[in-house]
K.L.:
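I have a structure I would like to understand better, so I am pasting it below and will then ask my questions one at a time.
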Amino acid sequence: MSKNPFSNMGNLLKQAQAMQEKMGKIQEEAATKSVEASAGGGMVTVEANGAMQLTKLTIDPEVLKSGDHDMLQDLIVAASNEALRKAKELMAEEMKSLTGGMGIPGMF
């Protein structure tokens, strides 16, 4: 007699649920870690966490004195994008432990 096909489905569901719980824990841990990026030789520095949230923005007072708003805006955007790119890398690195190094599409 063949084995009940639904028992395999139940095992798969349990494994998926366990993986989802592990992923939630990894995401929580990554949210406590931060990365930093700067632009303009350090004139603008942005910090982001593993939850892809910007947590800190530092602007060198000398940049403000210049009055060049367009440059300041460009530096903020550049530093923010780089910080978010690094945060995404951080999360991907954290997820490797869950996926065993497999690149699963859509998982960061």
Side-chain angles (χ1 to χ4, degrees):
M1 286 196 139
S2 68
K3 212 174 182 188
N4 182 351
F6 293 109
S7 67
N8 285 340
M9 175 97 57
N11 286 338
L12 284 175
L13 289 173
K14 286 179 186 176
Q15 289 174 352
Q17 184 178 12
M19 185 180 241
Q20 187 176 16
E21 288 173 10
K22 286 180 185 176
M23 188 166 67
K25 287 179 184 175
I26 288 171
Q27 288 172 331
E28 285 177 22
E29 289 175 18
T32 66
K33 297 178 181 179
S34 63
V35 294
E36 188 177 277
S38 62
M43 289 190 280
V44 173
T45 303
V46 174
E47 188 176 284
N49 64 22
M52 309 301 231
Q53 298 168 328
L54 301 179
T55 57
K56 186 176 179 182
L57 169 67
T58 306
I59 300 171
D60 185 322
E62 294 301 314
V63 177
L64 298 174
K65 289 179 186 176
S66 75
D68 190 345
H69 296 121
D70 289 338
M71 179 186 70
L72 178 58
Q73 290 169 352
D74 289 345
L75 292 174
I76 291 170
V77 169
S80 297
N81 284 333
E82 180 63 12
L84 291 174
R85 185 193 65 73
K86 286 181 175 184
K88 188 173 183 178
E89 267 183 16
L90 170 73
M91 182 57 84
E93 192 64 34
E94 295 289 321
M95 285 296 177
K96 277 186 182 179
S97 66
L98 180 64
T99 64
M102 296 184 316
I104 298 175
M107 275 200 71
F108 300 96

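The residues of the chain are indexed from 1 along the displayed sequence. FYI, side chains are in, hydrogens and waters are out, and symmetry mates aren't considered; it's all heavy atoms of this structure. Just so it is clear, the structure is predicted and the values come from calculations on it, not from any experiment.
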K.L.:
State which residue, out of Glu47, Met52, Gln53, fulfils the side-chain contact (heavy atoms from CB on, under 4.5 Å) condition with Asn49.
P.N.:
Gln53
K.L.:
Determine the minimum heavy-atom distance between Lys86 and Glu36, stating which atoms define it.
P.N.:
NZ-O, 3.0 Å
K.L.:
Could you tell me which non-hydrogen atom of Leu75 sits nearest to which non-hydrogen atom of Ala39, and how far apart they are?
P.N.:
O-CB, 3.6 Å
K.L.:
Can you tell me how far the CD atom of Glu62 sits from the CE atom of Met43, to the nearest 0.5 Å?
P.N.:
10.5 Å
K.L.:
Could you tell me whether the side chain of Ile76 reaches within less than 4.5 Å of the side chain of Ile59, counting heavy atoms only?
P.N.:
yes
K.L.:
Among the clusters formed by ILVMFWY side chains lying less than 4.5 Å apart, do Ile26 and Met19 turn up in the same one?
P.N.:
yes
K.L.:
With the threshold set at 4.0 Å, does a side-chain nitrogen-carboxylate oxygen contact exist between Lys25 and Glu28?
P.N.:
no
K.L.:
Between atom CD of Gln20 and atom NZ of Lys22, what is the distance when rounded to the nearest 0.5 Å?
P.N.:
13.0 Å
K.L.:
Taking NZ, NE, NH1 and NH2 as the nitrogens, is one of them in Arg85 or Glu89 under 4.0 Å from a carboxylate oxygen of the other?
P.N.:
yes
K.L.:
Find the distance between CG (Asn8) and CG (Leu13) and round it off to the nearest 0.5 Å.
P.N.:
11.0 Å
K.L.:
Hydrophobic clusters here meaning ILVMFWY residues chained together by side-chain heavy-atom distances under 4.5 Å, can you tell me if Val63 and Leu54 are in one?
P.N.:
yes
K.L.:
Using the rule that Ile, Leu, Val, Met, Phe, Trp and Tyr join whenever any side-chain heavy atoms are under 4.5 Å apart, tell me whether Leu57 and Met71 fall into a single cluster.
P.N.:
yes
K.L.:
Nearest heavy-atom pair of Met91 and Gly50: which atoms, and what distance?
P.N.:
CE-O, 3.2 Å
K.L.:
Please name the pair of heavy atoms, one in Ala37 and one in Ala79, separated by the smallest distance, quoted to 0.1 Å.
P.N.:
CB-O, 3.7 Å
